[in-house]
Amino acid sequence: MQPSLVLQDDQEHLPTLLATDAQELSYQLQQHQAKLFPPQSQKTMRMFSPAEAAAFIGIGEGYLRQIAAEGHGPDPLSNGRRLYTADDMDRIRRVLDERNGTPKYVPCRRGSEKLQIISVMNFKGGSGKTTTAAHLAQYLALRGYRVLAVDLDPQASLSALFGHQPELDVGEGETLYGAIRYDEPRPIADIVRSTYTPNLHLIPGNLELMEFEHETPRVMAAGRAETMFFARIGEALTEIENFYDVVVIDCPPQLGFLTMSALCAATSILITVHPQMLDVMSMSQFLTMTSELMTVVERAGGRTSYDWMRYLVTRFEPNDGPQSQMTGFMKAIFGNRMLHNAMVKSTAVADAGVTKQTLYEVERAQFTRGTYDRALDSLNLVNSEIETHIRSTWGRK
């Protein structure tokens, strides 16, 4: 005989508490969103100084001034200065390539160069995984690549950062799950969204993605899947690969069916790690488990070889002795599988996140100049190093 479920007067019913708190939190987030971005407003990408624009295009600032003076740049402001939009930078790239007669500044894939799919992953939250994925996707778009960002994390922080609130703006079947579900999947092109950053598109996420974690074991047990779970993301991306140069996937912070699928779809892997002892100890277990699971997937026909795999140290504090020691410890073990540059911890990145912005979006004047410049320099060094790996895979210098 089953005992009856009776709550004592001093007990709290967890499902009810959680549902109530979730509803209230969602409402307050909506109010916060409305204050930051009123209903009729849309997020926009800021304009860039000549020095920033020249760096993104890949030319000297003096040459940029010459190109602009010839009528290929924006009109000067009342003070004589020019500020550049991302569209201005794209237009100048095309002008330069037409002038030189070679495709040098427009970096899109050519000929047999294959789509680069970078899965950004880690085993636990707090490693800067989403921050890394968002800034990498946006950096590559500002550099002129055609980029698709895929939010595979049910918590959907990447989507929120790019202006799509998961509980408000993302409906049923509008995440990647809509394209990889086992019953009546949608064309992936139907769920791709444009963003306020030129060259950058997004497939948003929300809690619906968890359905894949629940549905996959049932389908596997019933033996009714035409395509194995680990091949579904790759097959879906094949439908739109001609429209993009790079796909950046923000994986969930655990090793489930979604993450395994992203690993099998990827051409490259970026693993973020916070350089503290507990995190590194946990990573040892995570790497062992990933290796064992990927071996099983490989036997079933999944892809397990990559163009490159790198570890990225995130939230790094250069003046923290133990962190520096731990970073050196990892470099001694992993060697060239560690990126040379680390993502430095900065209040600028955290403060920008409060208004759901990346460091490429916020105005420099909102921060102490040194704080902003150090954070941006760190981001650019990391993202430039990753870009070098992409270009090397394509056989470019």
Side-chain angles (χ1 to χ4, degrees), residues 1-3 5 14-15 18-19 22 117 119-125 129 150-159 166-167 170-192 203-241 247 249-267 269 271 282-306 309:
M1 182 175 179
Q2 292 290 336
L5 181 63
L14 186 60
L18 295 180
I117 304 173
S119 286
V120 184
M121 62 180 297
N122 194 277
F123 52 95
K124 60 191 293 187
K129 173 181 62 64
V150 179
D151 194 348
L152 209 59
D153 188 343
Q155 298 176 77
S157 298
L158 183 72
S159 302
E167 66 268 28
V170 185
E172 182 180 352
E174 294 181 352
T175 71
L176 187 64
Y177 174 70
I180 63 173
R181 62 192 180 196
Y182 297 93
D183 296 320
E184 300 180 357
R186 301 180 60 187
I188 191 172
D190 291 351
I191 58 178
V192 173
I203 294 180
N206 67 11
L207 288 174
E208 176 188 69
L209 287 163
M210 288 302 298
E211 291 297 319
F212 191 71
E213 303 287 357
H214 303 317
E215 188 180 7
T216 295
R218 292 197 296 268
V219 171
M220 292 174 64
R224 62 182 183 87
E226 295 181 5
T227 302
M228 290 295 289
F229 78 89
F230 53 76
R232 301 186 77 81
I233 292 178
E235 288 194 0
L237 290 174
T238 299
E239 300 174 19
I240 54 173
E241 66 176 335
V247 176
I249 303 178
D250 183 25
C251 296
Q254 67 271 339
L255 196 59
F257 292 111
L258 283 169
T259 299
M260 297 298 290
S261 302
L263 284 173
C264 290
T267 61
I269 305 295
I271 300 176
S282 297
M283 188 173 75
S284 174
Q285 301 300 311
F286 166 75
L287 295 177
T288 299
M289 185 167 55
T290 304
S291 172
E292 292 173 352
L293 289 174
M294 290 300 286
T295 299
V296 174
V297 168
E298 184 177 39
R299 290 177 187 148
R303 182 171 68 181
T304 56
S305 297
Y306 303 95
M309 185 275 280

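Here the CD atom belonging to Gln254 is positioned 10.0 Å from the CE atom belonging to Met289, to the nearest 0.5 angstrom. Note that OG of Ser119 and CE of Met260 are 11.5 Å apart. Values are rounded to the nearest 0.5 Å. Rounded to the nearest 0.5 Å, atoms CG (Asp250) and CD (Gln155) are 9.5 Å apart.
Leu263 is not listed as a side-chain neighbour of Phe230, based on a closest heavy-atom distance of 4.5 Å or more. Here the side chains of Glu215 and Asp183 are in contact, with some heavy-atom distance below 4.5 Å. With contacts defined as side-chain heavy-atom distances shorter than 4.5 Å, the pair Glu213/Leu258 qualifies. Inter-residue side-chain proximity for Ile249 and Leu176 is flagged as unmet; no heavy-atom pair is nearer than 4.5 Å. Proximity of Val297 to Cys264: side-chain heavy atoms (C-beta onward) are separated by under 4.5 Å at one or more points. By the 4.5 Å heavy-atom criterion applied to side chains, Thr295 and Arg299 are counted as neighbours. A 4.5 Å side-chain heavy-atom check between Asp153 and Pro253 finds at least one atom pair inside the cut-off. Using a 4.5 Å heavy-atom cutoff, the side chains of Arg232 and Arg181 are not in contact.
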Donor-acceptor list for residues 185-192 side chains, cut-off 3.5 Å, not counting sequence neighbours:
unit_1, atom_1, unit_2, atom_2, d
Arg186, NH1, Gly173, O, 2.8

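With respect to Leu209, the side-chain contact (heavy atoms from CB on, under 4.5 Å) criterion is satisfied by exactly one of Pro204, Pro252, Pro154: Pro154.
The nearest pair of heavy atoms linking Phe257 to Pro217 is CE1-CG, 3.5 Å. Leu152 and Ala262 get closest at one heavy-atom pair: CD2-CB, 3.7 Å. Looking at every heavy atom in both residues, Thr216 comes nearest to Tyr182 through OG1-OH, 2.9 Å. For the pair Asp151 and Ser159, the tightest heavy-atom approach, listed with the atom from each and the gap, is OD2-OG, 2.7 Å. Here the closest heavy-atom approach between residue Gly171 and residue Asn206 is recorded as O-ND2, 4.3 Å. When every heavy atom of Val170 is checked against every heavy atom of Gly205, the shortest pair comes out as CG2-O, 4.1 Å.
The aromatic rings of Phe212 and Tyr177 lie perpendicular to each other, with more than 60° between the two planes, well past the 30° mark.
Residues passing the side-chain contact (heavy atoms from CB on, under 4.5 Å) test with Met309 are Ile269, Ile271, Tyr311, Arg337, sequence neighbours excluded.
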